[in-house]
Amino acid sequence: MSIRILGVALFVIAALYTRQAGTYAVTFGDVLGPTVFPIILGIPMMLLSASLVVFPSGQVDWPAPQRIGRQLAALAVLVGYTITLEPLGFPLATFLLIALIGIILGGAPWRSLLLGVIMAPALWALFDQVLGLPLDFLGDLFVAH
Amino acid sequence: MEILSLLGQGFVVALSPLNIALLLMGCFVGTLLGALPGLGPVNGVAVLIPLTFAFGFNPTSSMILLSAVYFGCMYGGRISSILLNIPGDEPAIMTTLDGYPMAVQGQAANALAISGVASFIGATTAVIGLSLFAPILARAAIHFGPADYFALYILAFATIGGIAGVDPRKTLLSALIGLLLATVGLDPISGVPRYTFDSFHLYDGIEPIVALVGLFAISEILMLLEKSLKNRPKAIPVSSWLPQWGTIWRTRWAMLRGSGVGFVAGVLPGAGASLGSFMSYVAEKQTSNKKGTFGKGDPRGVAAPEAGNNAASGGALIPMLSLGVPGSGTTAVLLAMLISLNVQPGPLLFERQPDLVWGLVASLYMANITLLFLNLPMIGIFTRLMMTPTWALMPIVAAVTFVGVYGISNSVFDLKMMVFFGLVGYLLRKMDVSLVPLVLGLLLGGDMERNLRRAMSISDGDWSILIASPISVGLYIVTVAFLMLSVWLAVRDHRQAKSAPLTEE
Amino acid sequence: MILRTLTTAKLAAAMATAVTVTAAPVSANECIAPSNPGGGWDFTCRTIGRILTDLDLVDGNVQVTNMPGGVGAVTFAMVASERPDDAELIVATSTVGITQIAQGRYPAPLGSMRYLAMLGADVGVIAVDDDSPIQSLEELNAAMMEDPTALVTAGSSGAGGWDHIRLLMVADEAGVDDLSAVRWVQFDGGTDAVTQMMGGQIDVVSTDLGEIAGFVESGDIRVLAALSDDPIPAFPEIPTAASQGIDVTGYNWRGLYTGGDVSEEEYASWVERLETLYNSDAWQTAATESGLVPIWRGGDEFEAFVREQADVMEQISRDIGVIE
């Protein structure tokens with residue numbers, strides 16, 4: 001069933017993609033234009049994904065609901081990091097990321113917190129000070145721009 | 001002979017105490033940078049160029065330091081490919097196919113050693129090829145026109161079905177998804193934004209490294225969370241801290257074949273190291289996968305792409321130095337490095353500054369030797385990394401991939417994209433869709449389309465230009481022959497499988 | 001390793017703010033190259049950043065940030081919306097960027113920035129292979145007059161980009177009617193286009209001289225015309241287009257802008273510092289070595305120049321049919 005859904009999803013993507021390709025106008029001085037290559041890709045993709053719907057192959061074992069919960073928690077932490085990085089600044093946001101992912105992966109909470117406390121400033125020092133790739137030590141919340 | 005004496009001089013210049021110290025330091029720093037997922041040779045060298053200015057080294061010393069970092073990064077990229085199933089940079093993706101299964105079977109030390117030795121063999125082949133044929137090959141490469149490049153990419157994608165996975169339809173779909181993603185962004189020919197959803201963040205397209213680390217590193221975390229965390233087997237068993245020389249010796253032909261294929265791919269500007277390692281893997285699988293062990297931890301599946309990748313990097317120096325055309329992302333870095341040292345590559349470089357050219361070749365070669373001797377004793381330390389418990393290792397990997405991407409692009413959008421690719425990568429892996437073709441499609445798709453459109457602009461819309469040159473016709477013949485061979489092998493295996501139970505009865 | 005006093009100061013200040021939340025941190029000057037490392041904009045930022053530090057015109061280092069996307073559009077949008085008043089920020093731009101703005105490909109209008117100065121320029125050239133039967137610009141124009149589709153032309157910009165427009169300006173001046181019939185092929189760089197021409201795939205290349213100078217010296221290609229007012233010092237034998245009766249110039253200047261809300265004093269201070277940099281031996285050497293002709297235009301003069309060029313570019317793009 002999962003494979004059939006994958007086939008349907010890819011078919012829909014390919015169909016929308018191909019339809020969208022048709023809207024790109026050929027501009028001045030460009031023979032083939034931006035349209036043709038996407039159509040060349042879209043059509044075989046529609047055929048292949050349709051064949052997956054009709055003749056699916058392989059079995060998928062999805063994890064138990066409780067483990068899906070854990071995966072969603074991890075995804076939430078990762079997305080949360082992308083949102084908090086600039087307001088909180090690098091070391092603080094990274095501390096939260098390392099500690100929380102560590103706990104979700106089954107690490108003892110105090111160990112995970114310790115790991116975050118050590119690694120977040122260490123990574124900041126490595127990138128900002130040693131490699132010269134600038135990372136804000138404090139985020140926008142603490143520093144008025 | 002003159003070339004040999006020039007190369008000899010290059011080595012003499014390179015072998016001063018300061019330069020040897022720089023070589024060792026560069027290899028060490030490079031290996032470290034490369035092993036961090038998300039940071040590859042492109043960023044590694046770009047980050048260190050200002051450092052060489054700060055210390056005021058002369059051009060030769062700067063070149064030695066940067067070459068060492070460059071090759072160190074390439075080598076370091078393999079470490080995370082093999083140990084974590086997370087490629088450190090683009091050319092390292094092929095190494096995950098057999099390298100990670102080897103590590104899972106306790107063969108991590110062997111895989112790392114093979115990767116080091118194969119890199120060395122590939123680099124040696126490239127240096128020999130460079131010394132003997134550079135001027136001739138540079139002149140030959142210019143006859144490769146847009147239609148011929150298109151034919152080369154057709155060959156690459158026709159053979160992609162053979163690299164991994166059980167269902168070739170899924171492998172092809174994966175490549176098509178990659179090609180689809182490659183068309184996102186501002187079209188460089190017409191200036192039309194495509195599939196950008198009116199977001200300026202997508203105007204420059206999808207950065208392959210963002211997709212790569214998302215697909216491999218983030219999805220790996222999700223895969224790990226599926227397993228039971230309490231009764232987890234104690235990391236991965238390691239049968240030996242030290243490599244076994246017999247295993248390495250058995251891959252010698254794979255290394256040599258991979259070197260040959262990689263070198264040819266490298267000489268063509270625009271093909272580069274990723275295509276070199278991919279073609280070497282496919283060619284090796286086609287010639288020696290008699291027992292179906294490829295993709296399940298066959299040492300030759302590590303040896304061939306590693307040799308091919310390094311031979312291609314060396315081969316790519318030919319168009320870069322003699323024509324000033326960077327073949328790939330990685331040679332573009334070397335080009336930027338030479339320009340920052342006030343060396344202008346071009347047709348006169350070999351005549352005007354032979355000391356610099358051969359100095360560069362000598363320093364690249366020495367970087368390879370140094371890496372071999374620096375890393376073989378360190379294999380034991382690297383393999384012990386696998387003993388690090390998951391709860392400590394993976395959060396750090398996640399943080400490093402985020403900071404590696406953010407430190408270069410300064411874009412939170414790229415980080416969100418990475419998480420998205422992580423989810424997509426997880427779902428595709430669950431459904432047995434190999435991610436390697438997706439990344440290859442994303443890497444090669446842009447050039448494939450541009451060369452098709454260039455050919456059509458040259459012919460003013462006449463499709464027959466695609467089969468007008470002997471080179472493209474030759475490549476199409478190879479493509480058809482390859483596909484027929486694959487079908488024939490599949491049919492033969494199918495018959496054997498059918499007849500086998502009968503004989504047992 | 002690099003111990004940057006300024007960043008340490010920033011750290012110290014940041015630590016202080018963590019306690020008091022009042023003190024503003026000291027931050028370093030930054031130059032954004034709206035492209036990947038390697039290439040013209042990146043060169044501008046890295047070279048200018050290095051010389052500004054060497055000459056003590058700034059405190060500490062100038063930090064170079066690469067922010068590629070949309071031929072400069074991503075950086076332009078970011079500065080316009082997030083950092084219009086950041087006087088410590090400078091951004092590299094060039095004729096290529098102004099062409100994009102003039103054709104309406106940036107998300108904000110030209111006037112949302114303050115243009116500081118131009119420090120040098122690359123000269124456009126039109127070249128053919130050394131085996132080509134075409135010996136002069138006159139013969140090239142004659143061939144295009146007779147049949148605009150006869151020759152395949154190429155350069156490093158897309159259709160409607162600066163390399164393409166420069167060539168069409170020459171053809172237009174020569175009297176070629178159907179400009180859209182001229183075949184144009186985009187390559188990723190000037191050297192790519194030249195090597196494809198040497199391989200016989202295309203006939204004519206229009207691009208900047210700097211990147212392909214090596215091929216001119218080696219005699220692999222023949223330059224028919226330089227699109228400059230005066231002959232180029234390094235190649236005095238190359239005739240200008242004007243000297244062959246085609247009054248067209250096509251420079252690709254390299255310069256800098258800063259946010260539109262930067263104060264008058266801070267703007268003037270940048271222009272003054274950049275002028276000092278321009279007059280230094282270090283800049284003159286670095287520019288010449290990378291194939292640029294040092295040219296200075298700064299402050300209000302440069303602002304006026306940029307506006308005029310954008311108007312001209314828009315008009316040309318309209319005339320030859322690139323935009324409607």
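So you know, we letter chains A, B, ... as the sequences are listed, proteins then strands, and number each from 1. Just the heavy atoms: all of them, side chains too, but no hydrogens, waters or symmetry mates, feed the values below.
- Interface remark: Tyr426(B) contributes side-chain atoms only to the contact with chain A (heavy atom separation under 4.5 Å).
- Ranking Ile83(A), Leu32(A), Leu123(A) against chain B, the residue ahead of the rest is Leu32(A), based on heavy-atom pairs under 4.5 Å.
- Options Leu97(A), Leu100(A), Val77(A), Leu126(A) differ in how many heavy-atom pairs under 4.5 Å they form with chain B, and the most are formed by Leu97(A).
- Annotation: Arg169(B), atom CZ; neighbour count of heavy atoms from other residues, nucleotides and ligands within 6.0 Å is above 12.
- Note: Tyr195(B) and Tyr24(A) meet the aromatic proximity criterion, with ring centroids under 6.0 Å apart.
- The minimum heavy-atom distance linking Leu105(A) with Thr390(B) is given by the pair CD1-O, 3.9 Å.
- A heavy-atom distance below 4.5 Å is not found between the side chains of Glu226(B) and Asp61(A).
- The closest side-chain heavy-atom distance from Leu10(A) to Ile177(B) is below 4.5 Å.
- Arg453(B) contributes a side-chain N or O that, together with a main-chain N or O of Gly33(A), makes up a donor-acceptor pair within less than 3.5 Å.
- Among Thr23(A), Leu52(A), Ile40(A), the residue with the largest count of heavy-atom pairs under 4.5 Å with chain B is Leu52(A).
- Only the side chain of Asp187(B) comes within contact range of chain A, judged by heavy atoms closer than 4.5 Å.
- Expressed to the nearest 0.5 Å, how far CG of Leu427(B) lies from CG of Leu6(A) amounts to 8.5 Å.
- The candidate from Ser112(A), Ser2(A), Gly58(A), Ser51(A) with the greatest count of non-hydrogen atom pairs under 4.5 Å with chain B is Ser51(A).
- The closest side-chain heavy-atom distance from Val31(A) to Ile458(B) is not below 4.5 Å.
- Taking Ile68(A), Val79(A), Leu41(A) one by one and counting their heavy-atom pairs under 4.5 Å with chain B, the maximum is reached by Leu41(A).
- With chain A as the partner, the residue from Ile218(B), Leu415(B), Leu176(B) showing the most heavy-atom pairs under 4.5 Å is Leu176(B).
- No side-chain heavy atom of Trp391(B) sits less than 4.5 Å from a side-chain heavy atom of Ile103(A).
- Atom CZ of Phe28(B) has 12 or fewer neighbouring heavy atoms from other residues, nucleotides or ligands inside a 6.0 Å radius.
- Contact of the Val403(B) side chain with the Thr94(A) side chain is not registered, since no non-hydrogen atoms from C-beta on lie closer than 4.5 Å.
- Taking 4.5 Å as the limit, every side-chain heavy atom of Phe402(B) sits out of range of all side-chain heavy atoms of Leu85(A).
- Counting heavy atoms from C-beta on, the side chains of Met119(A) and Pro395(B) never come closer than 4.5 Å.
- Distance check, rounded to the nearest 0.5 Å: CD1 of Ile13(A) to CG of Leu180(B) gives 8.0 Å.
- Of the two parts of Met45(A), the backbone and the side chain both hold a non-hydrogen atom closer than 4.5 Å to a non-hydrogen atom of chain B.
- In this structure, CG on Leu48(A) lies 4.5 Å from CG on Leu173(B), to the nearest 0.5 angstrom.
- For the pair Val36(A) and Met456(B), the minimum side-chain heavy-atom distance is 4.5 Å or more.
- Considering all non-hydrogen atoms of both residues, Ser57(A) and Lys170(B) come closest at O-NZ, 3.0 Å.
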